[in-house]
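What follows is a set of notes on a single structure, which appears directly below.
Here the structure is a predicted model, which means the values were calculated and not measured. The figures that follow rest on heavy atoms only: side chains count, while hydrogens, waters and symmetry mates do not.
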Amino acid sequence: INDVTTNDIICNGGPNPLVTPFDTTIIDIPAGATVTAEFHHGLVDGPTPSDGDDPIAPSHKGPIMVYLAKVSSALQTTMTGLQWFKIYEDGLRSDGSWAVDSLIANKGKVSFTLPSCVASGEYFMRAEIIALHGGGSSLGSQFYMGCAQIRVTGGGSLSPATVSFPGAYRQNDPGILVK
């Protein structure tokens with residue numbers, strides 16, 4: 001996905017539309033737990049060892065972020081209008097490597113801590129890679145994201161500032177348009 005103004009930016013529309021019937025699995029995650037998100041190049045479940053670009057092409061350097069959106073039911077089938085807050089980010093490191101480099105080394109997996117202050121309840125969790133290899137021109141950066149339905153247990157009382165998707169990014173934002 002290249003266009004930050006489309007609803008596809010929410011939970012990966014376009015070539016990977018919301019699967020129907022809607023999955024009714026909600027993953028229980030204790031606040032403070034380590035969570036692992038997994039990315040792969042193809043549309044199959046899990047790694048594809050014969051695909052040299054799995055989990056993602058090595059040229060696709062960029063950051064990885066994870067957002068949550070609190071919902072009354074993680075079984076709802078609409079993603080528009082949700083309010084998201086960031087719980088994890090990893091980008092360019094002091095040694096010149098990117099979060100994507102670690103993702104490739106870890107065979108498509110990125111682990112992070114679900115903050116213990118996140119309030120208990122149901123959420124959509126949105127994990128995202130921004131591949132900056134084409135970011136020198138408008139609509140050049142590529143966004144790869146997916147959402148999971150989760151239930152946070154034993155949480156705190158966090159009520160953070162939120163953003164909307166679309167709306168959190170503009171095509172000419174530094175870090176989206178790289179000059």
Without placing hydrogens or testing angles, list every side-chain donor-acceptor pair under 3.5 Å for residues 63-75, not counting sequence neighbours.
from	atom 1	to	atom 2	distance (Å)
Tyr67	OH	Tyr169	OH	3.2
Lys70	NZ	Ser120	O	3.1
Ser73	OG	Leu75	N	3.1

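- The backbone N or O of Gly175 sits nowhere less than 3.5 Å from a side-chain atom of Asp173 that would complete a donor-acceptor pair.
- From Thr162, atom OG1 reaches atom NZ of Lys86 across 13.5 Å, with rounding to the nearest 0.5 Å.
- With rounding to the nearest 0.5 Å, the separation of CG in Asp8 from CD1 in Ile1 is 4.5 Å.
- With sequence neighbours excluded, the residues that form a side chain to side chain donor-acceptor pair (under 3.5 Å) with Glu122 are Arg151.
- Annotation: side chain to side chain donor-acceptor pair (under 3.5 Å) contacts of Lys109 (sequence neighbours excluded): none.
- Residues meeting the side chain to side chain donor-acceptor pair (under 3.5 Å) test with Asn2, sequence neighbours left out: none.
- Here disulfide (SG to SG under 2.5 Å) pairs that include residues 89-118, with residues two or more places apart or in two chains, number zero.
- With rounding to the nearest 0.5 angstrom, the CD1 atom of Ile129 is 4.0 Å from the CD1 atom of Ile56.
- In this structure, a donor-acceptor pair under 3.5 Å is absent between the side chains of Thr5 and Arg170.
- Between Trp84 and Phe165, the ring planes are perpendicular. Angles over 60° get that label, and only those under 30° would be called parallel.
- Put simply, the side chain of Asn106 gets close to the backbone of Ser102: a donor and an acceptor are under 3.5 Å apart.
- Side-chain contact annotation: Ser111 with Thr34, donor-acceptor N/O pair under 3.5 Å absent.
- Although no hydrogens or angles enter the test, the distance criterion places no donor-acceptor pair under 3.5 Å between the side chain of Ser164 and the main chain of Pro166.
- With rounding to the nearest 0.5 Å, the separation of CD in Gln149 from OG1 in Thr24 is 8.0 Å.
- Side chain of Lys107 to backbone of Ile104: no donor-acceptor contact under 3.5 angstrom is found.
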Under 3.5 Å, sequence neighbours excluded: what are the donor-acceptor pairs made by side chains of residues 140-148?
from	atom 1	to	atom 2	distance (Å)
Ser141	OG	Ile176	O	2.5
Gln142	OE1	His60	NE2	3.4
Gln142	OE1	Tyr144	OH	2.4

